[in-house]
There are 2 protein chains.
Amino acid sequence: MDIESKITSAFAKLGQRNTEQRRIIFEKLIELGHTGEAFSAENFWQELRKTNPRIGRATIFRLIEKLEELKALERINFADGSHCFRICSCEGHHHHLTCTECRRIIELDYCIPEEQISAIQKQANFEIDGHSLTFFGRCEDCQKKDKQ
Amino acid sequence: MDIESKITSAFAKLGQRNTEQRRIIFEKLIELGHTGEAFSAENFWQELRKTNPRIGRATIFRLIEKLEELKALERINFADGSHCFRICSCEGHHHHLTCTECRRIIELDYCIPEEQISAIQKQANFEIDGHSLTFFGRCEDCQKKDKQ
DNA sequence: ATAATTGCAAACTGTTTGCAGCACG
DNA sequence: CGTGCTGCAAACAGTTTGCAATTAT
């Protein structure tokens, strides 16, 4: 499933009305999906209002929330506690590697082995239904920069 | 190293002056360390001002920040994006399991195998210097509650 | 004395909400 | 023409900051 159909199907599941705002947001997300660029909600809003001055902040927040639930968007946490959103090209469950200097994000297909999770589950008597994992470090470019 | 000496040594590293506020915060942290209770910064402040009305919010935030750097406190992230602090009894690096219903926190000694991290490092050409991992689920008690 | 530390209040960031009105179907 | 969706502005939560006053050493 490519990025375009991922977003398209999320919008289809979304709700009843095909409003102009949704079309605008859709277009922008397709664009961001292709470049792989990450964005904050505020950030995304600022970007959109350049061309569409009357679009409301709340509309963006409300839609981002829904798209996150539908897993069309992923929330990515940085080491400093801040976060941003991103449309990932990886299908299914995965994790990220983030650069603490330039905030570059890399998708990883690594995940914790299923048997480890069930061992933890059994040991703690929990019913585990998710986890969040992010690696922090310095990317290739930032390492080079620092050596100079 | 027990909780008491963990906090004591963090305070020793802290700075020059042994102020009354630090003593008050120290006492409260010892208490929270023993019960294992988690707290937000705001929360912690509200609790302290009951007995010490003139303690400032900023003092708490400033000190919590430093204690986190000194690894006397740990920041724990929940599934909904909120977070709290906690004094953990585990020594060294570890992770947590949090209940999405009652917010109970369990310390886990599981961690991602070193060789996996270096494989990721090599593959992505990153210099990994940390990671965050939290498992989400429902604790024993909340599972029971729901079955009733 | 003097510099670290604090309290206060105001500012700030990121997000949510209530509600009246718009516009999609 | 009904109601889902939106814009607005205000409220909110959590945190940070500037600065003058306080206080440990």
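The chains referred to below are lettered A, B, ... by the order of the sequence lines, with proteins before strands, and numbering in each begins at 1. As the structure is a computational prediction, the values presented were derived from the model and not from experiment.
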task: Please test A/Arg23 against A/Glu20 for salt bridge (Lys or Arg N to Asp or Glu O under 4.0 Å), starting from the C-alpha separation and ending with a verdict.
output: CA-CA 5 Å; A/Arg23 268 173 272 138; A/Glu20 198 191 341; 5.9 Å; no

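- When rounded to the nearest whole Å, the span between CZ of A/Arg62 and P of C/dC19 equals 13 Å.
- Cation-pi geometry between A/Arg22 and A/Phe11 is not met at under 6.0 angstrom from the ring centre and within 45 degrees of the axis.
- The two residues B/Ile3 and B/Ser89 come nearest to each other via the heavy atoms CD1-CB, 4.1 Å.
- Residues B/Ile25 and B/Arg17 both approach DNA chain C. Their nearest nucleotides, taken by heavy-atom distance, put B/Arg17 toward the 5′ side.
- Within 4.0 Å (heavy atoms only), B/Arg54 reaches sugar-phosphate atoms of the nucleic acid but no base atom.
- Here C/dC22 presents its P atom at 21 Å from CG of A/Asn18, a figure rounded to the nearest Å.
- Residue-level contact check: A/Glu42 touches the bases, meaning some heavy atom is under 4.0 Å from a base atom.
- The two residues A/Leu67 and A/Ala10 make their nearest non-hydrogen contact at CD2-CB, 4.0 Å.
- Comparing A/Lys66 and B/Gln16 by the nucleotide of DNA chain D that holds the closest heavy atom to each, the one mapping nearer the 5' end is A/Lys66.
- Distance A/Gln46 CD to C/dG14 P: 11 Å, rounded to the nearest Å.
- Taking OG1 from A/Thr134 and NE2 from B/His131, the interatomic distance works out to 10.5 Å, rounded to the nearest 0.5 Å.
- The nearest whole Å value for the distance from the CH2 atom in A/Trp45 to the P atom in C/dG14 is 13 Å.
- Put simply, CD on A/Glu20 is 16 Å from C1' on C/dG25, counting in whole angstrom units.
- The two residues B/Phe44 and B/Lys28 come nearest to each other via the heavy atoms CE1-CG, 3.4 Å.
- When rounded to the nearest whole Å, the span between NE2 of B/His83 and P of C/dG14 equals 15 Å.
- Along DNA chain D, the stretch of nucleotides lying under 4.0 Å from any heavy atom of chain A spans, 5' to 3', D/dG2 to D/dC8.
- Taking a cutoff of 4.0 Å between a charged side-chain nitrogen and a carboxylate oxygen, A/Arg86 and A/Glu107 qualify as a salt bridge.
- Among the heavy atoms of the strands lying under 4.0 Å from B/Arg22 are primed sugar atoms or P, OP1, OP2 only; no base atom is included.
- With the nearest nucleotide of DNA chain C identified for both A/Glu65 and B/Arg57, B/Arg57 has the one nearer the 5' end.
- Between B/Phe61 atom CZ and C/dT13 atom P the separation is 16 Å, expressed in whole Å.
- Atom CZ in A/Phe78 sits roughly 15 Å away from atom C1' in C/dG14 (whole-Å rounding).
- When the nearest nucleotides of DNA chain D are assigned to B/Phe85 and B/Arg23 by heavy-atom distance, the more 5′-ward of the two goes with B/Phe85.
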